[in-house]
S.K.: 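There's a structure below that I have some questions on.
Reminder, nothing fancy here: chain letters follow the sequence lines and each chain counts from 1.
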2 protein chains.
Amino acid sequence: MRKKVTIKDVAKAVGVTPTTVSNVLNGTNRISDETRRRVLQAVEELQYTPNMSARALVKRRTYTIGLFIPASPRVLSDSYFAEALRGMTEVALQYGYVVSIIYSDGLSDSVRQRIDGLVLTELKNKDEYVQYFKRIRLPFVALGRGGDPTLRDYVISDTNRGIREAVNHVYRLGHRHLGYLLGPLGYEYVCERYRTFRRMHAELGLPLDRRLCATGENSREGGASAMRTIFARGVRPTAIFASTDIMALGAIEYLHEHGLRVPDDMSVVGFDDADFSKYVRPSITTVHHDIYRAGREAAFMLIAKLDGREYKRPVTLPVRFVPRESTSTISLSNQ
Amino acid sequence: MRKKVTIKDVAKAVGVTPTTVSNVLNGTNRISDETRRRVLQAVEELQYTPNMSARALVKRRTYTIGLFIPASPRVLSDSYFAEALRGMTEVALQYGYVVSIIYSDGLSDSVRQRIDGLVLTELKNKDEYVQYFKRIRLPFVALGRGGDPTLRDYVISDTNRGIREAVNHVYRLGHRHLGYLLGPLGYEYVCERYRTFRRMHAELGLPLDRRLCATGENSREGGASAMRTIFARGVRPTAIFASTDIMALGAIEYLHEHGLRVPDDMSVVGFDDADFSKYVRPSITTVHHDIYRAGREAAFMLIAKLDGREYKRPVTLPVRFVPRESTSTISLSNQ
DNA sequence: CAGGTTTCTGAAAGCGATTCCATTCTGATG
DNA sequence: CATCAGAATGGAATCGCTTTCAGAAACCTG
């Protein structure tokens, strides 16, 4: 293995000291154009890449940011996670950072040694991890709101807009009895989506029947079970909204098993635009948000924070309402 | 922010030198039980965690391994990726490593500075990246076979077994005209699965009709298009195998669009057990393999390699054949 | 042209660990 | 009792880079 080339080698090649090389590379001090040119050329020729460990040691920085995944029984869908990661990695790269994954299982004070900051996901209303990271003074930004109302460093989808369009859509299709399948209430995004749903009722002057709303886990089973809860109350909406696509899917399956057809007997709306949502039959009407983009923005925000640059916050990303097969005009029998 | 505690602080607290502390922590030299005890206690009390950058610098190691994702137009499904990553991260943690993602886009010689080794995925038969990593002498292991027949450091699913069971299954259901939808031939896993499929024909004494086999991209469109290719030849299998579930899904959709029902008019078998495979209607008969486990094994293998420990290789993981709705007894009309 | 600025470069001190080698101490051996 | 082996610990160099501060050189300016 040919010897690793260090900053000294570059310095020697140019006939300056390591200090100078470091200065041109980091732009710290003023360096004459002539010297700069020669240094850069030597760097090029020798294929010099600075040793990250050494730099990290003196800068007290690791140039690594983390994507934090809470809880092992994933609530996060795989694609959410993969997309966010992909976005983060892309911008991290631009700024000389790499990203690694931190699962809550493997959390210990030594993470502080490994990463400069975190992107948090799936925040709860009052999030224990947020407290923890604040305490150990680990900088972070969040994907989605939550944790603590004072937090401002987050990027979020324009839920408001998405749900508004979705509700308008079914309203225009003639639906007046809308139900809602909530995920676990501890999560901020669950509450937020539901709040918007309620606000839309107010705006449309539509009464909201609480009996048409129920809670379940964020899973197919959860969706089915929430649906069951509503039926058990002896009521029946003509259209039902779910916190997430996966719950919507569970609800659809439940309905099918009980002889109801979607969308003929009931319309269903999800949220997230999970990748299965367009595969399944009926395909699920939902609200698409761009997690990849959110990952990019989050990484950008975090790195700006770490590097002491300015950044705007919070960031709100547009969403897109995606009507598909699971919603249709209300049928006469259902009026 | 309270000052970071270093190895010196620990040493001072105990009344020894950093050397001694380092020795007890790394088990390098013999240390009296008494001293060891006191050092450990001080470490505990002071909450000392060694500075990774410093250690990395002298050890010339980063204690980071990477998961390598080739090509941006992902062929890998999100869940494959997420599962592998989860498995890797878990065992990495045990050995004091962290894992980060390396996309082929962001590949440069400086990755060498950031990671000690890589887990490769989606190998081609003759893989350019394998060549590259060999050249820059970056240790790696692979998830799946490929790249170069001499490579032995890989973990693989027991494809053989899976396809054997799948073929037997449809054979017992009465099917005799089996087709095959191949993904891109450059990928080793595509070839391998197909080879096994052919071998099964030999074993069963079944003639293999090449006209029933076609190639397409690894996507829904690709599955549909391969299916179309076969039909265009004026032939029609009674059961069709696909390289992957996503291609199987595409094929099913294609069949539906052309008035053929699955499984009544044609049985379909996938491979991978993607997460949508149980959601869709009909749910897809497939071969399940445990990517999470594969991720664990791969990380274990890589770290053993890096740390100079013994490890067995290659590793073959069991698979499970999962019959679902997309396969059934051959109907009379099809005989 | 003396004196004051400005511009550019270098010497040296770390950053926080590890590691080679030397040193001290103890106890055993002939 | 001199010698020596072995056990436990410490001294000092080192990994490759950044950074502070000082000094040299060049440039003004009145």
Side-chain angles (χ1 to χ4, degrees), chain A residues 1-40 42-43 46-64 96 109-110 112-114 116 307-308, chain B residues 1-40 42-43 46-64 96 109-110 112-114 116 307-308:
Chain A
M1 168 139 51
R2 79 174 182 294
K3 188 84 174 47
K4 203 52 220 74
V5 11
T6 75
I7 198 172
K8 278 189 196 158
D9 301 323
V10 178
K12 198 166 298 173
V14 181
V16 294
T17 59
T19 305
T20 304
V21 177
S22 172
N23 280 336
V24 355
L25 258 27
N26 298 286
T28 319
N29 263 336
R30 42 186 2 116
I31 296 290
S32 69
D33 289 347
E34 169 60 8
T35 310
R36 154 169 296 111
R37 199 189 50 68
R38 284 170 47 220
V39 167
L40 258 20
V43 164
L46 273 53
Q47 302 242 58
Y48 166 70
T49 54
N51 179 313
M52 273 315 194
S53 305
R55 166 179 294 192
L57 179 56
V58 10
K59 293 260 232 175
R60 287 122 183 283
R61 299 277 297 280
T62 63
Y63 295 95
T64 301
D109 287 9
S110 69
R112 197 76 185 74
Q113 301 281 4
R114 300 306 225 105
D116 296 333
D307 292 351
Chain B
M1 171 134 56
R2 77 175 184 294
K3 189 82 173 46
K4 206 47 224 77
V5 11
T6 75
I7 198 172
K8 278 187 195 160
D9 300 323
V10 177
K12 197 165 298 173
V14 181
V16 295
T17 58
T19 304
T20 303
V21 176
S22 171
N23 280 337
V24 355
L25 259 26
N26 298 287
T28 320
N29 262 336
R30 44 182 2 114
I31 297 290
S32 69
D33 289 347
E34 170 60 6
T35 311
R36 154 171 295 112
R37 200 187 51 66
R38 285 169 47 220
V39 167
L40 258 21
V43 164
L46 272 54
Q47 301 241 58
Y48 167 69
T49 53
N51 178 311
M52 273 315 194
S53 306
R55 166 179 295 189
L57 179 57
V58 8
K59 295 261 227 173
R60 287 124 182 283
R61 301 276 297 279
T62 63
Y63 295 96
T64 301
D109 287 8
S110 68
R112 196 75 185 77
Q113 301 282 2
R114 301 303 226 104
D116 296 334
D307 293 351

S.K.: Between Asn26(A) (CG) and dT20(D) (C1'), how many Å, whole number?
M.R.: 15 Å
S.K.: Going by side-chain hydrogen bond (donor to acceptor under 3.5 Å, both in side chains), name the residues that satisfy it together with Asp307(A), two or more places apart in sequence or in a different chain.
M.R.: Arg61(A), Tyr97(A), Arg309(A)
S.K.: Using atom CD1 of Ile7(B) as one end and atom C1' of dG10(D) as the other, report the distance to the nearest whole Å.
M.R.: 13 Å
S.K.: Has Asn26(B) got a side-chain atom pairing as donor or acceptor with Asn23(B)'s backbone, closer than 3.5 angstrom?
M.R.: no
S.K.: Could you tell me whether the side chain of Arg36(A) and the main chain of Val24(A) form a donor-acceptor pair under 3.5 Å?
M.R.: no
S.K.: Please figure out whether Thr35(A) or Ser22(B) has its closest DNA chain C nucleotide nearer the 5' end.
M.R.: Thr35(A)
S.K.: Measure the distance from CZ on Arg61(A) to P on dT18(D) and round it to the nearest whole Å.
M.R.: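 Rounded to whole Å, this separation is 13 Å.
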S.K.: Side-chain N or O of Tyr63(A) versus OP1/OP2 of dC17(D): is the shortest distance under 4.0 Å?
M.R.: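 Answer is no, no contact under 4.0 Å.
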S.K.: With a 4.0 Å cutoff (strictly under), does any side-chain N or O of Asn51(A) reach OP1 or OP2 of dC17(D)?
M.R.: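 Looking at the OP1 and OP2 atoms of dC17(D), neither is under 4.0 Å from any side-chain N or O of Asn51(A).
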S.K.: Categorize Ser53(A) for me: base, sugar-phosphate, or nothing, with a 4.0 angstrom heavy-atom threshold over every strand shown.
M.R.: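 Here Ser53(A) touches no strand at all.
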S.K.: More 5' along DNA chain C: Leu57(B) or Thr19(B), using each one's nearest nucleotide?
M.R.: Leu57(B)
S.K.: What is the distance, to the nearest angstrom, from the CE atom on Met52(A) to the P atom on dA17(C)?
M.R.: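 Distance check: Met52(A) CE to dA17(C) P gives 20 Å.
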S.K.: Please figure out whether Asn23(A) or Ala54(B) has its closest DNA chain D nucleotide nearer the 5' end.
M.R.: Ala54(B)
S.K.: Is the phosphate of dG10(D), meaning OP1 or OP2, less than 4.0 Å from a side-chain N or O of Thr17(B)?
M.R.: yes
S.K.: Check the distance between dG16(C)'s C1' and Lys59(A)'s NZ and give it to me in whole angstrom.
M.R.: 18 Å
S.K.: Do the side chains of Arg114(B) and Thr62(B) get nearer than 4.5 Å, heavy atoms only?
M.R.: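 Not in contact.
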S.K.: Does a side chain donor of either Thr35(A) or Ser32(A) reach within less than 3.5 Å of an acceptor in the other side chain?
M.R.: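 Ser32(A) and Thr35(A) do have a side-chain donor-acceptor pair below 3.5 Å.
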S.K.: Distance check: side-chain N/O of Arg60(A) vs OP1/OP2 of dG16(C), anything under 4.0 Å?
M.R.: yes
S.K.: Under 4.0 Å between a side-chain N/O of Arg55(B) and OP1 or OP2 of dT18(C), yes or no?
M.R.: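 For dT18(C), OP1/OP2 do have a side-chain N/O of Arg55(B) under 4.0 Å.
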S.K.: Within the 4.0 Å heavy-atom criterion, would you say Ser32(A) contacts the bases, only the backbone, or no part of the nucleic acid?
M.R.: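 Ser32(A): backbone/sugar contact only, no base atoms under 4.0 Å.
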S.K.: Could you state the atom-to-atom distance from CD1 of Ile31(A) to P of dT7(C) in whole Å?
M.R.: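 In whole Å, dT7(C) P lies 13 Å from Ile31(A) CD1.
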S.K.: Whole Å only: how far is the NZ atom of Lys8(A) from the P atom of dA11(C)?
M.R.: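 Interatomic distance, NZ of Lys8(A) to P of dA11(C): 13 Å.
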S.K.: Let me know the distance between CD of Glu34(A) and C1' of dA25(D), rounded to the nearest Å.
M.R.: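 Whole-Å distance recorded here is 16 Å.
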